[in-house]
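Here the structure comes first, spelled out in structure tokens, and everything after it is commentary.
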Amino acid sequence: MIAEIRQRLLVTGTPFALVEGAVALAQLTDRPPQLPASYVFMVREASEPNDRMNGPVLQRTAADIAVVIVFEQLAEPLGEPAADELETMLAWERGRLIGFGGTTFEPLEHVSGELVQAKGGAVWWQDTYGTAYYQEEQS
């Protein structure tokens, strides 16, 4: 699922120089090696009870996917240019992801967006998307 979402953000015309996952984000000590950057990873899952009375277990699992955008606007870090750049990236990202359903998960829905950090000229923003998929007992 995460690989499909990352690929969706890596098409021609992407505003992101880098689209990585949770491991790459965890390895950062300061800023990403290339900007603007985007990090895609699962932040939570919640499974429903088994759908079947008899037979293999089948559960619907709801998942929240985070997309963290990091970009730098040194001229006016918190002024209008930064706000305009963020709005442009969010519009592009949301246009690519809202309604996108991969081969194994339901179409993504935007849940929330929030400023994570803004300091030293870098802005960190997190969008959260909701989706669901099914897990089945493997015999």
Side-chain angles (χ1 to χ4, degrees):
M1 172 177 15
I2 300 302
E4 288 179 82
I5 295 169
R6 286 180 53 205
Q7 283 301 318
R8 186 89 175 154
L9 297 176
L10 282 171
V11 297
T12 302
T14 183
F16 305 115
L18 186 68
V19 179
E20 295 289 343
V23 173
L25 179 62
Q27 292 173 344
L28 288 180
T29 55
D30 186 27
R31 288 196 172 120
Q34 298 173 301
L35 292 171
S38 180
Y39 295 90
V40 181
F41 52 94
M42 192 173 314
V43 290
R44 76 184 56 82
E45 294 178 304
S47 295
E48 295 177 1
N50 180 26
D51 275 354
R52 297 180 177 158
M53 297 296 268
N54 300 319
V57 172
L58 177 67
Q59 291 182 281
R60 183 177 188 273
T61 301
D64 285 344
I65 309 299
V67 178
V68 173
I69 295 173
V70 184
F71 71 99
E72 197 168 44
Q73 177 47 261
L74 293 175
E76 291 183 55
L78 299 177
E80 287 302 314
D84 292 346
E85 187 173 351
L86 177 60
E87 288 177 14
T88 299
M89 283 187 279
L90 289 176
W92 189 90
E93 169 215 307
R94 292 172 181 175
R96 294 292 301 158
L97 297 183
I98 292 173
F100 171 65
T103 57
T104 60
F105 58 95
E106 295 176 4
L108 295 168
E109 296 180 11
H110 186 262
V111 175
S112 64
E114 65 183 304
L115 181 66
V116 176
Q117 176 177 293
K119 78 176 199 187
V123 175
W124 295 62
W125 180 271
Q126 179 177 317
D127 264 346
T128 302
Y129 294 88
T131 188
Y133 61 94
Y134 286 87
Q135 299 189 80
E136 188 168 11
E137 175 183 340
Q138 302 297 309
S139 331

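Positions are given from 1 along the sequence.
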Residues I2 and M42: closest non-hydrogen pair is CD1-N, 3.8 Å

For F105 against M1, the heavy-atom pair lying closest together: CD2-CG, 3.5 Å

Side-chain touch L58/Q135, heavy atoms, less than 4.5 angstrom: no

Does R44 reach the main-chain N or O of D64 with its side chain, forming a donor-acceptor pair under 3.5 Å? no

Quick one: do L108 and I5 satisfy side chain to side chain contact (heavy atoms under 4.5 Å, CB included)? Show the steps, please. CA-CA 10 Å; L108 295 168; I5 295 169; 4.1 Å; yes

Is any side-chain heavy atom of W92 closer than 4.5 Å to one of L9? yes

Rounded to the nearest 0.5 angstrom, the CD-CZ distance for E85 and F71 is 5.0 Å

Please find the pair of heavy atoms, one from V19 and one from R6, that lie closest to each other, and give the distance. O-NH2, 3.1 Å

Do any pairs count as a salt bridge (charged side-chain N to carboxylate O under 4.0 Å, His left out) and have a residue in residues 102-111, sequence neighbours left out, and if so which ones? R60-E106

Does some side-chain heavy atom of I65 sit less than 4.5 Å from a side-chain heavy atom of T131? yes

Kindly say whether R8 contributes a backbone atom to a donor-acceptor pair with the side chain of R96 at under 3.5 angstrom? yes

Can you measure from OG1 (T88) to CD (E93) and round to the nearest 0.5 angstrom? 12.5 Å

Single-linkage hydrophobic cluster V23~V67, side-chain heavy atoms < 4.5 angstrom: no

Indicate yes or no: at least one non-hydrogen side-chain atom of Y134 is less than 4.5 angstrom from one of Q59. no

In this structure, would L10 and I98 fall into the same cluster of hydrophobic residues linked by side-chain contacts under 4.5 Å? yes

Verdict with supporting geometry, Q126 and T128, side chain to side chain donor-acceptor pair (under 3.5 Å): CA-CA 6 Å; Q126 179 177 317; T128 302; 3.2 Å; yes

State, without any angle test, whether E114 and S112 hold a side-chain donor-acceptor pair at a distance under 3.5 Å. no

Heavy atoms only: give me the nearest P36-P15 pair and the separation to one decimal. CG-O, 3.0 Å

Taking the hydrophobic residues Ile, Leu, Val, Met, Phe, Trp and Tyr, and joining any pair whose side-chain heavy atoms are under 4.5 Å apart, which ones share a cluster with L25? L18, L28, L35, Y39, F41, V43, V68, V70, V116, W124

Criterion side chain to side chain contact (heavy atoms under 4.5 Å, CB included) on E4 and T103, from CA distance to verdict: CA-CA 8 Å; E4 288 179 82; T103 57; 3.3 Å; yes

Taken in chain and number order and not counting sequence neighbours, the residues that satisfy side chain to side chain donor-acceptor pair (under 3.5 Å) with W125 are D127

Closest heavy-atom pair, R31 versus K119, reported as atoms and distance to 0.1 Å, is NH2-O, 4.0 Å

Closest non-hydrogen atom pair between Q34 and A17, with its separation: OE1-O, 3.5 Å

